[in-house]
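This is a predicted model, so every value here is computed, not measured. Note that these values count all heavy atoms, side chains included, but never hydrogens, waters or copies made by symmetry. Lettering of chains follows the sequences in order, A, B, ..., and the numbering in each one begins at 1.
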Number of protein chains: 2
Amino acid sequence: MTTMNAAQRRDQRKAEYNAFIAQCPTNRMLDTISDKWTCLVMAALADGPHRYGELGDTVAAISNKMLTQTLRTLERDGLVHRQMTAQVPVRVDYTLTPMGLTLMPILTQLKEWSESHMDEVLSARADFDR
Amino acid sequence: MTTMNAAQRRDQRKAEYNAFIAQCPTNRMLDTISDKWTCLVMAALADGPHRYGELGDTVAAISNKMLTQTLRTLERDGLVHRQMTAQVPVRVDYTLTPMGLTLMPILTQLKEWSESHMDEVLSARADFDR
DNA sequence: CGGTATCCTCCGAGATACTG
DNA sequence: CAGTATCTCGGAGGATACCG
């Protein structure tokens, strides 16, 4: 069954590589921060604490579901801190954690790279599409 | 029709914000580089030119479709150069462009941040899950 | 060798409605 | 106010087969 074995070996290599990707810190972090909404929410928090509703207003196009989900992920990863004040109505504030703050400079660099290379990228796209 | 107008205004704000996101260079670049496979492929190209098949072997878990699609996007954005040699069988080499090279340091920083903070993230997750 | 073309599946995002 | 619960739908991505 040479065919079977070859296919099996290929599948196993893929499984191993998938496992490697699942373990790789860079890819795991990229999974988190490369999410469509994560950077927008973190950017919104960069200038200080904000309430749930404020974040929903700032990132106007985000749905309740995704805002909650994004904040939960960031909180779980220790990048954002959630402070709940028991009162009626409830008040919840979100802030970047110290670790979250250390990530911001990299996002800023990425932002600056993007802004300074956007023209070059756009003209490359125009060339390619022709 | 206050209700209608309020809903319409909300929808319009969302549409505007979506348009803003679609225009924002950072988000457009993030769309590109934050793709599941893009960083892996760029990392594979960081040490020099590679052929299509070599990339497929290095990133073992990637499908033909996604490898092609990833390379096309990178080529279109001017981050990767595609060199085709007409012979039988055909030979195609991929290299990072100068612009692609300028992006690598940022990816490297991201990699280093991820590796140095992975423990902290993992313990934050463990805490959160308890 | 370096891809296309096609089909198919699954799951993630959004809309909507409800709640402590 | 700050979420949860539920449904639905589109499209990303994988498998497979074929092609110049």
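- Atom P of nucleotide D:dC1 and atom CG of A:Asp93 are separated by 13 Å, given to the nearest angstrom.
- Side-chain atoms of B:Thr70 never come within 3.5 Å of backbone atoms of B:Trp37 as a donor-acceptor pair (strictly under, hydrogens ignored).
- Checking A:Ile62 against B:Arg72, the closest nucleotide of DNA chain C that is more toward the 5' end is the one next to B:Arg72.
- Between A:Arg51 and D:dA2, a side-chain N or O to OP1/OP2 separation shorter than 4.0 Å is present.
- Counting to the nearest Å, the P atom of C:dG14 and the OH atom of B:Tyr17 are 13 Å from each other.
- Whole-Å rounding puts the B:Met84 CE to C:dT4 P distance at 11 Å.
- When each of D:dG3, C:dA13, C:dG2 is scored by its nearest atom to the side-chain atoms of A:Thr68, the top-ranked nucleotide is D:dG3.
- For A:Arg13, the CZ atom is loosely surrounded, since the number of other residues' heavy atoms within 6.0 Å does not exceed 12.
- Distance from the side chain of A:Arg82 is smallest for D:dG3 among the nucleotides C:dT4, D:dG3, C:dG2.
- Under a 3.5 Å cut-off, the side chain of A:Thr97 and the backbone N or O of A:Gly78 do form a donor-acceptor pair.
- Of the candidate nucleotides C:dG2, C:dA13, C:dG3, C:dA13 has the atom nearest to the side chain of A:Gln69.
- Here D:dG3 is the nucleotide among D:dG3, D:dC1, C:dG3 with the atom lying nearest to any side-chain atom of A:Tyr52.
- Atom pair A:Asp57:CG and D:dC1:C1' shows a separation of 12 Å (rounding to whole Å applied).
- Rounding to whole angstrom units, CE of residue A:Met66 and P of C:dC11 are separated by 16 Å.
- For A:Tyr52 and A:Asp57, the side-chain atoms include no donor-acceptor pair closer than 3.5 Å.
- Comparing A:Trp37 and A:Val90 against DNA chain C, the residue whose closest nucleotide sits nearer the 5' end is A:Trp37.
- At whole-Å resolution of the value, NE2 in B:His50 and C1' in C:dC1 are 17 Å apart.
- In this entry the distance linking CG of A:Leu67 with P of D:dA2 reads 10 Å, nearest Å.
- Across D:dG3, D:dG14, C:dA15, the shortest atom-to-atom separation from the side chain of B:Lys14 is found for C:dA15.
- The pair A:Asp127-B:Arg76 does not meet the salt-bridge criterion, since no charged nitrogen lies less than 4.0 angstrom from a carboxylate oxygen.
- Counting to the nearest Å, the P atom of D:dA5 and the CG atom of A:Asn64 are 14 Å from each other.
- For A:Lys65 and C:dG12, the shortest distance from a side-chain N or O to OP1 or OP2 is not below 4.0 Å.
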